[in-house]
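None of the values given here were measured: they were computed from a predicted structure. All values below come from the heavy atoms of this structure, side chains included, with hydrogens, waters and symmetry mates left out. Sequential numbering from 1 along the given sequence is applied to the chain's residues.
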Amino acid sequence: MSNPFVRIVEPLDPEQPLKKFFNLSKLEDVRYARLPFSIRVLLEAAIRNCDEFLVKKGDVENILNWKVVQHKNVEVPFKPARVILQDFTGVPAVVDFAAMRDAVKKLGGDPEKINPICPADLVIDHSIQVDFNRRSDSLQKNQDLEFERNKERFEFLKWGSQAFKNMRIIPPGSGIIHQVNLEYLARVVMDHDGYYYPDSVVGTDSHTTMIDGLGVLGWGVGGIEAEAVMLGQPISMVLPEVVGYKLLGNPQPLVTSTDIVLTITKHLRQVGVVGKFVEFFGPGVAQLSIADRATIANMCPEYGATAAYFPVDDISIGYLIQTGRDKEKVMCTKKYLEAVGMLRDFKNSSQDPDFTQVVELDLHTVVPCCSGPKRPQDKVAVSDMKKDFETCLGAKQGFKGFQIAPDRHNSVVKFNFEGCDFELSHGSVVIAAITSCTNTSNPSVMLGAGLLAKKAVEAGLTVKPYIKTSLSPGSGVVTYYLRESGVMSYLSQLGFDVVGYGCMTCIGNSGPLPESVVEAITQGDLVAVGVLSGNRNFEGRVHPNTRANYLASPPLVIAYAIAGTIRIDFEKEPLGINASGRKIFLKDIWPTRNEIQAVERQFVIPGMFKEVYQKIETVNESWNALDAPSDKLYTWNPKSTYIKSPPFFDGLTLALQTPKTIEDAYVLLSFGDSVTTDHISPAGNIARNSPAARYLTSRGLTPREFNSYGSRRGNDAVMARGTFANIRLVNKFIDKQGPQTVHFPSGETVSTHAALNRGSLTGVKAVLAESYERIHRSNLVGMGVIPLQYLPGEDAGTLGLTGRERYTIIIPEKLKPQMNVQIKLDTGKTFHAIMRFDTDVELTYFHNGGILNYMIRKMAS
């Protein structure tokens, strides 16, 4: 059926009649001008894709009627313009595509129908680790080791880029996915198949939201959901509430964008924005650069929203020019956005749309801060850091406590490093990493770090040699302007050499600490510290030996590295004493905002971006030399420990199975609050005593060859053993931290994998929780696992649940979205929970046993 909205299609330029767009202003509907700008993007996509099948006129009406419908849990479809993946999640996506081709062929269909319809970019940025640092050849040695470890994965990805259409691979060594997206991949307005329309994206990484800072609506989805989008399926989503976040005033001179985002993170966690869009507005937005906005949008998952949207304005248009985009295309972008009412003037309050609610922040009230020691939302003013850490030392074990006995708070352990004697104590900094696209995409904080390093070196300050320092820029542009501005050499003198272009420490690829440092930490049971300019600091993520981890701006990362401890009051205590005996305080070397802006204006120029990105797909010679097979069906290697055909489709038939009641199920694990995807599926180090390590050893590998969990996500045998393998996991069945549980009914303490594979247990069928992170729930739905949620006001405590009961979950014959289901216990107790299949489409996936099963049946039939 033809699109019922074809009447509003017209050329953007009468002289180019084949370049058209859906002119939303021609709807002549007064509701359009009152919609939040983020909802306008959803509306345009619905109108453009309306076919009365996947997208219906009723969906368009619901979006137009957002102000009324937003509170009614109404489902709408959304077809993003493109998909973006990183290699940790991209490898399993390509594995699934390869396996789906096999399955479709077995069911008598055409395997080449399994092919991305929606354009997809895969950026390889999660594989490189900080094995070498503090040396001029660190970058080359880390990249060489990355290829040595991951050659098989990279060959597989290169096969995928050739076997599948519409899939582009950005090779390793290019940068971090979200920074490459911001600086290069993002279009802001798409020009595709003869139509202009807003750029939008979903990605297999929760921090995909970073691109919202440029005015491209985007968010993270589960890998399986992303695969369905790549195959042309719309995302089925509940039309979200939109919280208007009004920014006022100007930041103080010493405040960085990192301080602003950590403040906003804590604020919005308190407001409660889970499942909602946040849209920024107000005159304060005009004071923020695109890099500042991107930093704020990047940490959207940490404050719980689905998206953190900054509508496009003239500063966004200027950024496209600054980053070397084609000027003629940029002018078309602006013309299109003006025509459809999507170009924002933040100083013009008459453009302010309707919001579900409005909250405000005066930027002038923001103070320098960090977040930690275990969660990104736990903001601490820099002036309070010393006191806060010392309080955490003695506090009860928890998010803000380590439960160290008072008589051990000042414990000191002596050790020797490279022939010199040093001391470690609670609060000693052992990792200092300038890392993550959150901050490395922002020239102001990166140049601020460089200028601080310059002043520190000139003042005679140094960093202790045992501290693992590193600089992992998000793109080659960063290195370019740090070098051209003359600050790179000073960063190197303090140990912050470029070690690689990738997520590195932020994703847990921090590499090993010196053995003598690890021995000292272990001997004294010390709470050692990592300081990083990242976006997540959950326990066990950064490094197994740093129990406290703080998020900080790049300049503060260097400051704490120089101090060597988190237990310092910068206002009263010096960073150090130079050779002439002079005390040097942080205020003596902190660069002013004017200093930073002057350097940025001079050295961050379009030519840099053009030079770096015009050769991004061909510059890596190691990638170019990889030899990948050319077959359309992948030839699986049964000996591979990286790439394995998954068992999801074994025995799959065209006929659907009727969902059955889950009877007498045992509980596998019982948790408290804030269980993250890091706890569920860690990406970092594979512990030598873990089930995954034993499996890899049985396949002939040595510990040096284990690599990381993230790098082995293309092998389900490894990842099944790695599920809940986080060493800081707190399971209520066990009285200490660790990746173990109690097997029922035997009562024996074993690994999670061992518990799941004993006796008659047949896998996890359901999860019962108080609330869900979006991607976690999406992944459960995609795999056919039932996400159950306690009724409001209820939880395990109020219901008296111990987790040692047996659970029967009554699955009715007729299911509907978000229906209540009855749960019976073997104790005789009964209660109800919400079945969190939020839309009819999600129920369809459940009836098929998961989203990929649904797609295979659809393609095969």
Can you tell me how far apart [atom1] ([X]) and [atom2] ([Y]) are? Round to the nearest 0.5 Å.
X: Arg48; Y: Lys20; atom1: CZ; atom2: NZ; answer: 15.0 Å
X: Ile117; Y: Lys79; atom1: CD1; atom2: NZ; answer: 7.5 Å
X: Gln357; Y: Tyr245; atom1: CD; atom2: OH; answer: 11.5 Å
X: Asp125; Y: Asp87; atom1: CG; atom2: CG; answer: 6.0 Å
X: Leu343; Y: Tyr336; atom1: CG; atom2: OH; answer: 12.0 Å
X: Asn62; Y: Glu75; atom1: CG; atom2: CD; answer: 10.0 Å

Working for salt bridge (Lys or Arg N to Asp or Glu O under 4.0 Å), residues Asp191 and Lys19: CA-CA 8 Å; Asp191 177 1; Lys19 293 289 186 102; 2.7 Å; yes
Met230 and Met167: side-chain contact (heavy atoms from CB on, under 4.5 Å), yes or no, with the steps? CA-CA 9 Å; Met230 290 165 69; Met167 181 181 289; 3.7 Å; yes
Measure the acute angle between the ring planes of Phe609 and Tyr613, then classify it against the limits of 30° and 60° as parallel, tilted or perpendicular. parallel
Taking the six-membered ring for Trp, are Phe88 and His126 parallel (under 30°), tilted (30 to 60°) or perpendicular (over 60°)?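 Aromatic pair Phe88/His126 classed perpendicular.
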Sub-3.5 Å donor-acceptor pair from the side chain of Asp326 to the main-chain atoms of Lys329, do we have one? yes
Option among Tyr195, Tyr196, Phe5 that satisfies the ring-ring contact (aromatic ring centres under 6.0 Å, His included) test with Phe22: Tyr195
Within a radius of less than 6.0 Å around NZ of Lys113, do more than 12 heavy atoms belonging to other residues, nucleotides or ligands occur?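 For Lys113, atom NZ is not crowded (no more than 12 foreign heavy atoms under 6.0 Å).
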Lys56 atom NZ: more than 12 heavy-atom contacts under 6.0 Å: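 It does not: Lys56 NZ has 12 such atoms or fewer within range.
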Over all heavy atoms of both residues, which pair between Pro817 and Asp838 is shortest? Give the atoms and the distance, please. CB-O, 3.5 Å
What's the shortest heavy-atom distance between Arg293 and Pro311, and which atoms?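 It is NH1-O, 4.4 Å.
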Looking only at side chains, do Asp259 and Thr256 share a donor and an acceptor under 3.5 Å apart?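 Note: Asp259 and Thr256 side chains meet the donor-acceptor criterion.
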Do we see a donor-acceptor contact under 3.5 Å between the side chains of Thr295 and Asn298? no
side-chain contact (heavy atoms from CB on, under 4.5 Å) between Val76 and Met237: does it pass, once the steps are laid out? CA-CA 6 Å; Val76 295; Met237 60 186 293; 3.9 Å; yes
Please check if the distance between the ring centroids of Phe280 and Phe310 is under 6.0 Å.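 Between Phe280 and Phe310, the centre distance is under 6.0 Å.
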Between Glu302, Gln86, His178, which is the residue that forms a side-chain hydrogen bond (donor to acceptor under 3.5 Å, both in side chains) with His207? Glu302
Applying the side-chain contact (heavy atoms from CB on, under 4.5 Å) criterion to Phe277, which one of Asp212, Leu217, Leu239 satisfies it? Leu217
Salt bridge or not for Glu842 and Arg777, using N-O below 4.0 Å?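 Looking at Glu842 and Arg777, the cut-off is met.
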